[in-house]
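Notes follow once the structure below has been shown.
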Amino acid sequence: MSIVGGKLVNHLNRDQVAAVVHTEGPLMVLAGAGTGKTRVITYRAAYMIEQGIPPEQILGLTFTNKAAREMKQRIYTLVPRGKAEGLFLGTFHAFCASVLRRDIVLLGYGRNFSIADEVDQTGLLKQAMAECNISKDVVSPSLCLSLIGIAKGEKKHPSEVNIYDPALKVVFPELYKRYQQMLKNQNMLDFDDLLLLTVHLFEEHPGKLEACQERYRYIMVDEYQDTNYLQFLLLSYLAGSRRNICVVGDDDQSIYGWRGAKIDNILNFPDHFKGAKSLKLEQNYRSTTNILDASNSLISCNKGRHGKSLWSECDEGDKIRVVKSESDFEEASYVGDAIYDIQYTTSACFRDFAVLYRSNYQSRMFEESFRNARIPYVIVGGKSFYDRKEVRDAVAYLRLIVNEKDDQSLLRILSAPPRGLGDKAIDTLRRLQSITFAPMLDLMSSGDYLEQVSSKGAESSRKLIGCIRRWREVLTTGVDLGVNVMNYLREVEYLDGLQRMYKDREESEKRRENVLELVNAAHYYARREGASATLAGFLENYSLADDSDKVDDVAGSEDSVMLMTVHAAKGLEFKNVFIVGVEEKIFPNERALDAGSAEEERRLFYVGMTRAQKLLTLTWAKKRMRHGQLSQQTMSRFLREIPKDLVEGTESSKAFKKASYEAMERAFQNFNTN
DNA sequence: TACTGATCTATTTTT
DNA sequence: TAGATCAGTA
């Protein structure tokens, strides 16, 4: 029982050790916030390797690439050099993508499939609605998409999905079918398909499943509370009769129910895997006892929990600050002010602070305030680099190279930059496709098409297609990826086209830089992967990159306050945390309440609270602009659920005065001592 | 076809 | 408030 010479017990507490050494048979570890969940997973992997289990037999599944990356790094430091080689540690989606890249041909798709993102999905669905003659006034595309997601996540036939809207109920199965057909025609998979088709593959080709079972004999799953039915199914298939499956999670931190996560998976694990050992980790190493007690008492308002109570050897610490402001504006300036104030008293860096909110739009007020106060900040999530229009356009050009059936991408680039191909050309393509079912890219070089568009359109079509075909030869080799991507984008007239698309000089330059940033990413990717680099591989990386991946890009390099949603903050910790907008209808979110997710909102708030190590501040404002209108706000129910004796209440205007008074006093003292 | 300005409307979280 | 969409014009 040793890890790199030392005894396990020197690194871990009793419960953690128990989890690490239980390697055979099903195991559930209920790990509260900050109880060393990652430590257990990484030590467990290291321990197994040390026990002589070949690393390639270990499969670790996470929800984010970041979590996977961090665990991998930690495992590598725990075992002797080279000993962890071959271990698979990645997201569910990445794992499924890798399985499908090998065998998806068996399901009638091409191995060069593209992965549809939300924009592609919406485009596809809108087109499906148009073809089925369904007006978007009757059915909202976004609702429909989320229902499709739920249907897939629960592996349900479209007619089995619970739909309250009678109009949608009637057309849903048809829409679903059409949408799915369009995806397949374009050789595209949406995120849910990655999981669903892997399950199909295993069901229809048992040999493929057996091969996987044979290879991956030990399975570990992080954040098990966020798995949906498909993921559960996948896991139970993979675990097979060996049942060497270890899941780690926290039912109190299940915050993705709206995306189909089934908290029941973790609540019922002992039933699903009979004879499973179950362990609880309750010693928290992160927060002060005040923060823990407050969090515990908030979460205890929920029903249907495994029931856990976190404790800590840390001291009491400061009380929770609850700050009332007159307005959203005042709230934002208070937070800025408080950051400076806390910096003075605790010598904290900017990166020791996080401002957490329920919804992305809430960031704006704080951005302005921080800019004025000269506080460096980083916004995590929201409209990220990859979501920028010019980046997406550039990616569409690349996707078309890899997957010639990708009509979504073709439609995107047709008028970016404008090249005389507009509605007319698109109509023609659609019409032709409804007859021939050929990819639009092919149709564009057909005589029928060229005859029907203007001579200018025909000319630029020929040019565009020629260019794409030429570069396909070059780019699919994967050689000099960065350079070639750059030259392709130039030759296809995208880079220079930016100037025509954005006539404001400054703006077009900015957008050009962003595209070059993407080129750069391709370059880095190519360097990292060496000989195995392919354009397809780069695009897959891009598609599966998640929001938390973008955290370290910036966080490591600069000393900045972090602004993000509570969802994005899961798994992170900060010395000082501000949860802002703690008001009814905002946190808990109004629509979530309507949807009956009050308990999930509470768990979300719990996640936010437990991010704090030292100081937790909860702020709310009496008035704020909502939908462009002034609205009177009331304090969130969550504030009432925290015991009064753990709280120190203030009003921001008073706190302001107090802070500035203290700052003056300090300055005065400094003046005297110097 | 492409661009402009006006109007509408929706604001939850995202692998 | 701002983004998305639409209708009308060059």
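Bear in mind the structure is a predicted one, so any value in this text is a computation, not a measurement. Each chain gets a letter, A, B and so on, in the order its sequence line appears, and its residues count up from 1.
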Would you classify A:Lys424 as touching base, sugar-phosphate or nothing, given that sugar-phosphate means primed atoms plus P, OP1 and OP2, and contacts are heavy atoms under 4.0 Å?
sugar-phosphate
Counting the atoms with a prime plus P, OP1 and OP2 as sugar-phosphate, which does A:Arg419 contact under 4.0 Å by heavy atoms, base, sugar-phosphate, or nothing?
sugar-phosphate
For A:Gln186, side chain to side chain donor-acceptor pair (under 3.5 Å) partners two or more places apart:
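A:Gln186 satisfies side chain to side chain donor-acceptor pair (under 3.5 Å) with A:Gln408 only.
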Not counting sequence neighbours, which residues clear side chain to side chain donor-acceptor pair (under 3.5 Å) with A:Asn228? List them please.
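So A:Asn228 forms no side chain to side chain donor-acceptor pair (under 3.5 Å) with any residue.
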Side chains of A:Asn112 and A:Asn187: any donor to acceptor distance under 3.5 Å?
yes
Between [N] atom [atom2] and [X] atom [atom1], what is the distance in whole Å?
{"X": "A:Glu600", "N": "B:dT14", "atom1": "CD", "atom2": "P", "result": "13 Å"}
{"X": "A:Asn65", "N": "B:dT15", "atom1": "CG", "atom2": "C1'", "result": "9 Å"}
{"X": "A:Gln362", "N": "B:dT12", "atom1": "CD", "atom2": "C1'", "result": "10 Å"}
{"X": "A:Asp193", "N": "B:dT15", "atom1": "CG", "atom2": "C1'", "result": "14 Å"}
{"X": "A:Ile148", "N": "B:dT14", "atom1": "CD1", "atom2": "P", "result": "21 Å"}
{"X": "A:Arg591", "N": "B:dT12", "atom1": "CZ", "atom2": "C1'", "result": "8 Å"}
{"X": "A:Gln225", "N": "B:dT15", "atom1": "CD", "atom2": "C1'", "result": "14 Å"}
{"X": "A:Ile586", "N": "B:dT11", "atom1": "CD1", "atom2": "C1'", "result": "11 Å"}

Distance-only donor-acceptor test, [X] side-chain atoms vs [N] base atoms, 3.5 Å:
{"X": "A:Trp258", "N": "B:dT13", "value": "yes"}
{"X": "A:Arg358", "N": "B:dT12", "value": "yes"}
{"X": "A:His93", "N": "B:dT15", "value": "yes"}

With a 4.0 Å cut-off on N to O distance, would you call [X] and [Y] a salt bridge?
{"X": "A:Lys463", "Y": "A:Glu493", "answer": "yes"}
{"X": "A:Arg431", "Y": "A:Asp427", "answer": "no"}
{"X": "A:Lys510", "Y": "A:Glu390", "answer": "no"}

Between the side chain of A:Thr610 and the main-chain N/O of A:Tyr606, is any donor-acceptor distance below 3.5 Å?
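Looks like yes, one N/O pair under 3.5 Å.
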Donor-acceptor contact present, side-chain A:Glu600 to main-chain A:Gly257, <3.5 Å:
yes
For A:Ala394, side chain to side chain contact (heavy atoms under 4.5 Å, CB included) partners two or more places apart
A:Leu489, A:Tyr494, A:Val515, A:Leu518
Contacts of A:Gln633 that satisfy side chain to side chain contact (heavy atoms under 4.5 Å, CB included) - sequence neighbours left out:
A:Glu583, A:Ile586, A:Arg624, A:Arg626, A:Ser631
If each of A:Arg626 and A:Pro417 is mapped to the nucleotide of DNA chain B with the nearest heavy atom, which maps nearer the 5' terminus, i.e. the 5' end?
A:Pro417
Closest-nucleotide ordering on DNA chain B, the 5'-leading residue of A:Glu601 and A:Pro418
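By nearest-heavy-atom nucleotide position, the 5'-most residue is A:Pro418.
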When you measure from the side-chain N and O atoms of [X] to the phosphate of [N], is any distance below 4.0 Å, counting only OP1 and OP2?
{"X": "A:Ser415", "N": "B:dA2", "value": "no"}
{"X": "A:Arg259", "N": "B:dT14", "value": "no"}
{"X": "A:Asn589", "N": "B:dT13", "value": "no"}

Pairs under 3.5 angstrom, nitrogen or oxygen only, protein versus nucleotides 4-6 of chain B, please.
unit_1: B:dT4; atom_1: OP1; unit_2: A:Lys503; atom_2: NZ; d: 3.1

Distance, C1' atom - from C:dT5 to B:dT12, rounded to whole angstrom
23 Å
How does each nucleotide of nucleotides 1-10 of chain C score, in 5' to 3' order, for protein heavy atoms under 4.0 Å: base (B), sugar-phosphate only (S), or none (-)?
BS--SS----
Of all the nucleotides listed (B:dT14, B:dA2, B:dT1), which has the minimum atom distance to the side chain of A:Ala425?
B:dT1
